[in-house]
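A short worksheet on the structure shown next.
Positions are given from 1 along the sequence.
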Amino acid sequence: MSASVELIGSLAALITTLAWLPQIIKILRERRTHDISLGTNAALATGVFLWLVYGLFIGSWPVIGANGITLLFILTILGLKLRYG
């Protein structure tokens, strides 16, 4: 794979992974999760978990890393949703 394709994939992984941080910070600051959908985030966590498993099967560290971190962020949001619901 060319370096430019790898760079695009790495940037996409970085942006989509870090996009969850503002939501986590907002929840922690406001201690409010009324507008967060439990079902949507649970479905998203399931999908991201499957992407992580896929990454493990194909041995792709960018897929493993991005989805592993993203899964942790989404599970954090789900945990905060259950706590502050």
- Query: Going only through I, L, V, M, F, W and Y residues with side-chain contacts under 4.5 Å, is there a path from I69 to L50?
  - Reply: yes
- When rounded to the nearest 0.5 angstrom, what is the spacing between CH2 in W20 and CD1 in I27? 9.5 Å
- Message: Show the nearest heavy-atom pair for residues L71 and F49, with the distance to one decimal.
- Response: CD2-CD1, 4.0 Å
- Item | Co-membership, hydrophobic cluster, residues F57 and V63, 4.5 Å side-chain | no
- Query: Should V53 and L72 be counted in the same cluster of Ile, Leu, Val, Met, Phe, Trp and Tyr side chains packed under 4.5 Å apart?
  - Reply: no
- Going by heavy atoms in the side chains, are L78 and I36 under 4.5 Å from each other? no
- Query: L52 and W61: same hydrophobic cluster, using ILVMFWY side-chain contacts below 4.5 Å?
  - Reply: yes
- Message: I'd like to know whether CZ of F73 has more than 12 heavy-atom contacts from other residues, nucleotides or ligands below 6.0 angstrom.
- Response: yes
- Message: Given 3.5 Å as the limit, does a donor-acceptor pair link the side chain of K81 with the main chain of T33, or not?
- Response: yes
- Query: Is the side chain of T46 donor-acceptor paired with the backbone N or O of A42 at a distance under 3.5 Å, no angle test?
  - Reply: yes
- Query: Which heavy atom of N41 sits nearest a heavy atom of I74, and at what distance?
  - Reply: O-CG2, 3.6 Å
- Query: Quick check: are there more than 12 heavy atoms from other residues, nucleotides or ligands sitting under 6.0 Å from OH of Y84?
  - Reply: yes
- Task: Drop me the distance from I24's CD1 to I77's CD1, to the nearest 0.5 angstrom.
- Result: 4.5 Å
- Kindly compute the distance separating CG (L44) from CH2 (W51), expressed to the nearest 0.5 Å. 12.5 Å
- Task: Please step through side-chain contact (heavy atoms from CB on, under 4.5 Å) for the pair L82 and L38, ending with a clear verdict.
- Result: CA-CA 8 Å; L82 294 173; L38 186 61; 4.2 Å; yes
- Any chance you could measure D35, atom CG, to E30, atom CD, to the nearest 0.5 Å? 9.0 Å
